[in-house]
Amino acid sequence: MEIAKAYNPKEAEENHYRIWEERGYFAPEINENDASKPYSIVIPPPNVTGNLHMGHALQHTLMDTLVRWKRMQGYKTLFIVGTDHAGISTQLMVTRQLKKDEHKSPTDIGREAFIEKVWAWKEKYGGEITRQIRREGLSVDWSRERFTMDENLSRAVREVFVRLYEEGNIYRGNRIVNWCPRDKTVLSDLEVKEEKAKDGKLYYLQYPVKNSDEKITVATTRPETMLGDTAVAVNPEDERYRAFIGRTIELPLVNREIPIIADEYVESEFGTGAVKITPAHDPNDYEIGQRHDLPQINVMNKDATMNENTGKEFEGLDRYDARQLVVEKFEELGLLEKIDDYDVTLPHCERCNTVIEPLLSEQWFVKMDDMRDSALDLMRREKSPRFFPEVPYEKVYTTWLENLKDWTISRQLWWGHQIPAWYDASGNVFVARTKEAAAEQAGTSDLIQDADVLDTWFSSALWSFSTLGWTGENSGQRSAVSGQKDSKPSTDLETFHPTDVLVTGRDIIFLWVSRMVMTALKFVGEKPFSDVIIHGTVLDKNGQRMSKMKLNGIDPLDVFEKFGVDATRMTLAGSSTGADFAWRDEKVESFRNFANKIWNATRFCLLNSEGAQVDYFYINPKAEVAEIKNLIRDELIDDIDEEDEEFLDKVAPEFAGDNPKENLSIADRWIISRLSKTALSVNRALDAYQFHEAVQLLYHFFWDDFCDWYIEFVKDEITAEEPSNRRDAARSRIITILEQALRLLHPFMPFLTEELWQKLPAVSSDLHNPAYKSAEQTIMLADFPRGDAALIDEKAEAEMQAVIELISKTRNIRAEMNIKPSDKISLLVSAGETLQKVFAANEAQILKLARANELNLSEKADAPKASARAVLAGGAELAIPLEGLIDFQKEIERLENQLSKLEIEGERLQKQLANQNFVERAPAEKVQEIRDRVAEITQQSATLRQNLDALR
RNA sequence: AGCUGAUUAGCUCAGCGGAAGAGCGUCUGUCUUACAAACAGAAAGUCGAAGGUUCGAAUCCUUCAUCGGCUACCA
């Protein structure tokens, strides 16, 4: 068989995905077993305009690993993929494009034409992210791909909006909101991020008090807002200002008389203790304004220029120019007391980084109280969803919910779900599922739809169920949208909701996770997912966050190119769950090397595979006997008495036993035991979402146990030139173990494992999980090894350990005594009867791996003085005669070194045993364990001392 | 300001009550018939500091230090 000397990831990555997809392996329908339990994950929908970054690659890897693992276990798996229309980002991008290509703004071409442009743009560029998802190897069901603006999902949005409105949980209100002057839209609190201003200043302005020479100084960071001041507030307890309360300020520049009021909100210690109040431009001032019934004077336009309320000098000026001018004017008037440097953090638009202007505006809001309570209730009652890691995210989630405020959902954009509200000529509002329904309510079709669209996260909040056909399209059954309370949910929704686990970053716990919980509870009546995995952040190699600004981002596609997708996936899955980690190419490199190791181990097996086949009974012969017994018993049908059973016991092994499957060597039983333990542990680790642990287990099983020891141990047998049953059995055994290992690795390394698995002799769909019997052969559908506890063989492991120790200590002596690799040596080993047998059984391997030409076993070896020595476990001793080669002084040092290490350990343990409290309180096994170890140390030390004496 | 997380070998990180691990790097050998992207061997850490709980602490508690994250406020 031709097989390349090194693994080339590209080939495997190009070949298999298309086949997997075409043959429908990703769709749940591939599962033929009606009794299969469902397992579902919805992908957090990336922005349709987006490109894959490391955060995606990480969460995608984790999700795909889980889905592939569960699919192989026979679950009916659905991995839902889709994209988000990402209102602001997409609109920004298309606007930029429009400007570049046609030198036009959206308003130049009008709403309808603009939206057409966005759709066209989406068709053209929106596929990028989905191509990248294919590149990652994600086993998502493309036949169910969704987009948040699909008709069905849009219907779900309107349905939810109308229902919330009808019960009074959506309302319109005039409030202080976060306004982005550049995008000219309102933003929710979560779309605003706080950033330190570069050179913040605190301006001290003096306001003259009417009918006096006195002035009150107020401090402000935004002097331009003084044009909209309608009061000055002080703390009622503040002695300094008590006399001023109730008097009047003559507001400079605008010549308006405003009152001096008292309010608890004002902190006397801060600034001057007197605060200018601008109810239309500050949330706190707004509150104070409400309490004192102050007028609200809006002084800004939507683009943050000053408006007509500010007078001729200011009108039309940008907010920062206005600020400058206000300060100058105050200076001219002699009313500018001082300007201090001041650290101030300002809200910025998450998308365009413009400084947010708080202003008063009419918007749509969702009242969250009821939904919030049910989410909190779910957590309290069922501790659901379960967060991984639980600390700190459960608390983060809960605390946020407890302090939840109403959600601003309208956006002054064109790209998105237009709000299903219509106005008649006199401004009455009609909220309905369709324009027709609104017209019916209104009694006229002369209606204008609300121009605003909904927050992108409004549709994302419904993702867990809107993608599964909540509006009825997948079922042929009646739609949930008909408005009839008794309508039934669709099949996908019934089967796959709630989903099993959500994998996401911590930045959207509030934006998305919590809202999905709330909407699913309300509209489906159940939680959207059981578990939430919060993964860490991938940082750059200096531990900094990756960002476009800093240009320190690492493009996953570059990494795929350089090291392969599988190596990248292993790197990502191998990072500790939930913890941030610094990206290092060296890490991927080591997994690239691992992939190559797997490739070459397989290559070795394949180069020696004539006469071999994958057959699980080679590593579990008892299972074959049991199966044959079952087959015969089934044939006999009628009552089977004890005699028959005895007969079966005798006959069955003969049917199975015409080959040497039963003749397992110590090394065979050892590797089978290791394999079983590994499989058990990998399953356990994945159950607990401990991906990195599973990765470590697989890495070390494959490289250390399988490659470094097992292959070396059976190499001679497998490469024997003469064909024989024995050789075929050995070849079948190793290839069967390899095949099991490939299955275990597949969820992490899908491409490599499929590529190699397909090359193995006699693989077929017989190896599939029973749920996929009629599918064409693929490792994707192979049964995931559960690990058989009955195949764990502690005796074989201990015996193999003794052999490994003998070889290792020999190698150690060779290296330390500078014995040339080509020089053969003799091994004199003294050991008890049992160990002698073990060593004898592995003589050939010991000689080969230790580069020795002689293994001399005895109860008590009579080694020449000129020998290098080592003590072994179980009271055994190794001596290597080195006449003429040995440096006695050096050998003495070696032995003294060993002795001192043992003595240090021995002393520590002795001390522990001397402690009455320890012996009485520690578990008996622990105490025994230490006693055993002390006994061994004592024996080994004695031997070493004897050897030393002999040398001196 | 509040709440959180981290601090373990030169680097990146596991381990989270029974006594120190990995990968990379370093040093020494080696083309030993799958793999030099490899093989064999070795060196390297009073587990941030100080107290406490415990028979026993890297692991639990308290305080401190340094570095992150989140939330809120900021006239």
Side-chain angles (χ1 to χ4, degrees), chain A residues 3 5-7 189 194 200 202-205 218-222 225 232-233 265-267 270-278 282 284-285 342-346 389 391-393 395-396 399-400 403 506-507 509-510 537 539 541 543-545 563 567 571 574-576 578-587 589-608 690 692-693 696 699-700 707-708 711-712 715 719 807-808 811-816 818-822 848-849 851 905 908-909 912 915-923 925-927 929-930:
Chain A
I3 174 163
K5 267 191 102 169
Y7 175 49
D189 293 346
E194 301 289 330
L202 193 56
Y203 302 85
Y204 290 79
L205 308 178
V218 296
T220 178
T221 54
R222 296 186 295 156
T225 60
V232 167
Y265 163 78
V266 180
E267 286 175 41
F270 190 91
T272 60
V275 190
K276 59 188 276 308
I277 302 297
T278 325
D282 182 281
N284 294 307
D285 292 8
Y342 181 63
D343 271 346
V344 61
T345 50
L346 294 174
V391 179
Y393 298 115
K395 197 175 166 194
V396 166
T399 312
W400 185 79
N403 299 303
R506 53 178 158 255
D507 49 336
I509 294 178
F510 309 141
T537 309
L539 308 169
K541 63 178 189 305
Q544 302 288 310
R545 291 185 87 97
F563 301 108
T571 307
S575 70
S576 184
D580 292 354
F581 70 104
W583 182 266
R584 322 218 86 221
D585 269 1
E586 293 92 318
K587 193 116 196 162
E589 218 173 303
S590 82
F591 282 114
R592 188 265 321 257
N593 296 352
F594 181 54
N596 191 236
K597 190 74 182 175
I598 297 170
W599 177 270
N600 273 296
T602 307
R603 180 166 181 264
F604 170 77
C605 293
L606 289 174
L607 290 175
N608 300 289
Q690 296 292 309
H692 63 291
E693 198 185 324
Q696 288 305 311
Y699 185 94
H700 290 294
C707 292
D708 287 349
I711 288 184
E712 295 306 328
K715 196 171 245 177
T719 54
I807 295 167
S808 296
R811 285 169 168 174
N812 175 283
I813 288 172
R814 293 190 65 114
E816 288 189 5
N818 294 318
I819 296 165
K820 280 199 254 140
S822 50
K848 185 172 178 219
L849 298 178
R851 302 185 148 265
E905 191 190 347
R908 204 191 67 222
L909 297 178
Q912 219 173 326
N915 182 342
Q916 253 336 93
N917 277 324
F918 171 73
V919 179
E920 277 164 24
R921 299 202 190 186
E925 311 158 20
K926 194 73 222 167
V927 178
E929 198 180 293
I930 289 177

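Fair warning: this is a prediction, and the values are worked out from it, not measured in the lab. Note on naming: letters A, B, ... go to the chains in the order of the sequence lines (proteins, then strands), and numbering restarts at 1 for each one.
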Item to complete: Sticking with atom P, work out how far B:U32 lies from B:C24, rounded to a whole angstrom.
Response: 22 Å
Discussion item. Can you tell me the base-pairing partner of B:G2? Count Watson-Crick or G-U wobble geometry only, both distances below 3.5 Å, and say none if there is no partner.
Written reply: B:C70
Discussion item. Regarding A:Lys597, tell me which of base, sugar-phosphate or nothing describes its non-hydrogen contacts under 4.0 Å with the strands shown.
Written reply: base
Worksheet, complete the sentence: Answer for the Watson-Crick or wobble partner of B:U33, both distances under 3.5 Å, is none
Fill in: Pairwise C1' distance for B:C73 and B:G5, with rounding to whole Å
23 Å
Worksheet item: How does protein reach along nucleotides 59-65 of chain B, written 5' to 3' as B (base within reach of a heavy atom under 4.0 Å), S (only sugar-phosphate), or - (no contact)?
Response: -------
Worksheet item: Does A:His692 have a side-chain nitrogen or oxygen under 4.0 Å from the phosphate oxygens OP1 or OP2 of B:G15?
Response: yes
Worksheet item: Hey, does the side chain of A:Lys395 come within less than 4.0 Å of B:U4's phosphate (OP1/OP2), counting only N and O?
Response: yes
Worksheet item: Within the structure shown, what part of the strands sits under 4.0 Å from A:Gln916 by heavy-atom distance: base, sugar-phosphate, or nothing?
Response: nothing
Practice prompt. Could you check whether A:Val266 gets within reach of a base, just the sugar-phosphate, or nothing at all, counting any heavy atom under 4.0 Å?
Written response: base
Worksheet item: Are any of A:Asn593's side-chain N or O atoms less than 4.0 Å away from OP1 or OP2 of B:A38?
Response: yes
Item to complete: Identify, between A:Asn915 and A:Gly271, the residue whose nearest nucleotide on RNA chain B lies closer to the 5' end.
Response: A:Asn915
Discussion item. Is it the case that over 12 heavy atoms from other parts of the model lie below 6.0 angstrom from the NZ atom of A:Lys848?
Written reply: yes
Discussion item. Students often get this wrong, so: under 4.0 angstrom with heavy atoms, is A:Glu194 touching a base, only sugar-phosphate, or nothing?
Written reply: base
Discussion item. Under 4.0 Å, heavy atoms only, any strand: does A:Ser590 hit a base, just the sugar-phosphate, or nothing?
Written reply: sugar-phosphate
Worksheet item: With a non-hydrogen cut-off below 4.0 angstrom, is A:Phe510 in contact with a base, only sugar-phosphate, or nothing?
Response: sugar-phosphate
Worksheet entry | N-O pairing of A:Lys276 and A:Asp282 below 4.0 Å | no
Worksheet item: Okay, side chain of A:Asn812, backbone of A:Ser808: is any donor-acceptor separation there less than 3.5 Å?
Response: no
Worksheet item: Rounded to whole angstrom units, what separation is found between the CD1 atom of A:Ile819 and the C1' atom of B:G41?
Response: 12 Å
Fill in: Atom-to-atom span, OH of A:Tyr265 to C1' of B:A72 - whole angstrom
12 Å
Item to complete: Could you give the distance separating B:U54 and B:G17 at their C1' atoms, to the nearest angstrom?
Response: 9 Å
Discussion item. Does A:Phe581 reach a base, just sugar-phosphate, or nothing at all? Heavy atoms under 4.0 Å.
Written reply: sugar-phosphate
Worksheet item: Which part of the nucleic acid, if any, lies within contact of A:Asp708, taking any heavy atom under 4.0 Å across all strands shown: a base, the sugar-phosphate backbone alone, or nothing?
Response: sugar-phosphate
Discussion item. Let's go through A:Arg811 and A:Leu849 carefully: what are the C-alpha distance in whole Å and the side-chain angles of both, what is the deciding distance for side-chain contact (heavy atoms from CB on, under 4.5 Å) to 0.1 Å, and is it a yes or a no?
Written reply: CA-CA 9 Å; A:Arg811 285 169 168 174; A:Leu849 298 178; 3.9 Å; yes
Response to the item:
To the nearest angstrom, the CZ-P distance between A:Arg545 and B:G69 comes to 7 Å
Discussion item. Expressed as a whole number of angstroms, how long is the span from A:Asp282:CG to B:C73:P?
Written reply: 10 Å
Worksheet entry | Euclidean distance, atom NZ of residue A:Lys587 to atom P of B:C13 [Å, nearest integer] | 8 Å
Worksheet item: Do any side-chain nitrogens or oxygens of A:Asn812 fall under 4.0 Å of OP1 or OP2 in B:A40?
Response: no
Item to complete: Taking atom C1' in both B:A42 and B:G25, compute the distance separating them and give it to the nearest angstrom.
Response: 14 Å
Fill in: side-chain hydrogen bond (donor to acceptor under 3.5 Å, both in side chains) evaluation trace for A:Arg506 with A:Thr537
CA-CA 9 Å; A:Arg506 53 178 158 255; A:Thr537 309; 3.1 Å; yes
Discussion item. For a quick check, tell me whether the side chain of A:Arg811 and the base of B:A40 share a donor-acceptor pair closer than 3.5 Å.
Written reply: no
Worksheet item: For A:Pro821, does its backbone N or O pair with a side-chain atom of A:Arg851 as donor and acceptor, under 3.5 Å?
Response: yes
Discussion item. Applying a 4.0 Å non-hydrogen cut-off, can you work out what A:Arg851 is touching in the nucleic acid: base, sugar-phosphate, or nothing?
Written reply: base
Item to complete: Provide the distance between the two C1' atoms, one in B:G21 and one in B:A14, to the nearest whole Å.
Response: 7 Å
Practice prompt. Remember a base hit wins even if backbone is also touched, and classify A:Ala579 as base, sugar-phosphate or nothing at under 4.0 Å, heavy atoms.
Written response: sugar-phosphate
Discussion item. Using the rule given for side-chain contact (heavy atoms from CB on, under 4.5 Å), can you reason through A:Gln696 versus A:Glu693, listing the C-alpha separation, both sets of side-chain angles and the distance that settles it, and then say yes or no?
Written reply: CA-CA 5 Å; A:Gln696 288 305 311; A:Glu693 198 185 324; 5.7 Å; no
Practice prompt. Kindly say if A:Lys5 contacts the phosphate of B:C35, meaning a side-chain N or O under 4.0 Å from OP1 or OP2.
Written response: yes
Discussion item. Base, sugar-phosphate or nothing for A:Leu202? Non-hydrogen atoms, less than 4.0 Å.
Written reply: sugar-phosphate
Worksheet item: If the P atom of B:G51 is compared with that of B:A57, how far apart are they to the nearest Å?
Response: 14 Å
Item to complete: Please confirm whether the backbone N or O of A:Phe604 pairs with a side-chain atom of A:Asn608, one donor and one acceptor, at under 3.5 Å?
Response: yes
Worksheet item: So, are A:Glu905 and A:Arg908 salt-bridged, with charged N and O less than 4.0 Å apart?
Response: no
Worksheet item: Taking any strand in view, what nucleotide pairs with B:U59 in a Watson-Crick or G-U wobble way, both distances under 3.5 Å?
Response: none
Item to complete: Let me know the distance between CD of A:Glu267 and C1' of B:C73, rounded to the nearest Å.
Response: 9 Å
Practice prompt. Would you indicate what A:Ala582 reaches in the nucleic acid, counting non-hydrogen atoms under 4.0 angstrom: base, sugar-phosphate, or nothing?
Written response: sugar-phosphate
Response to the item:
Residue pair A:Glu589/A:Tyr203 against RNA chain B: nearer the 5' end by closest nucleotide is A:Glu589
Worksheet item: Between atom CG of A:Leu909 and atom CZ of A:Phe918, what is the distance when rounded to the nearest 0.5 Å?
Response: 8.5 Å
Worksheet, complete the sentence: Among the nucleotides B:U12, B:A20, B:A37, whichever has the atom closest to the side chain of A:Ala6 is B:A37
Item to complete: Go ahead and name the base partner of B:U46; Watson-Crick or wobble counts if both distances stay under 3.5 Å, otherwise write none.
Response: none
Discussion item. Between the base of B:A14 and the side chain of A:Gln690, is there a donor and acceptor pair under 3.5 angstrom?
Written reply: no
Discussion item. Considering every strand and a 4.0 Å limit on heavy-atom distances, what is the contact class for A:Asn596: base, sugar-phosphate, or nothing?
Written reply: base
Worksheet item: Base, sugar-phosphate alone, or nothing: which one does A:Thr221 contact when heavy atoms must sit under 4.0 Å apart?
Response: sugar-phosphate
Discussion item. For the residue pair A:Lys597 and A:Tyr699, would you count it as a cation-pi contact if the rule is NZ or CZ under 6.0 angstrom from the ring centre and within 45 degrees of the ring axis?
Written reply: no
Fill in: Between B:C67 (C1') and A:Gln544 (CD): distance, integer Å
11 Å
Discussion item. Work out how far the C1' atom of B:C64 is from that of B:A6, and round it to whole angstrom.
Written reply: 16 Å
Discussion item. Taking B:U59 as the reference, what is the distance to B:U8 when you measure between their P atoms (whole Å, please)?
Written reply: 13 Å
Practice prompt. Return the value, rounded to whole Å, for the distance between atom CD of A:Glu712 and atom C1' of B:U32.
Written response: 9 Å
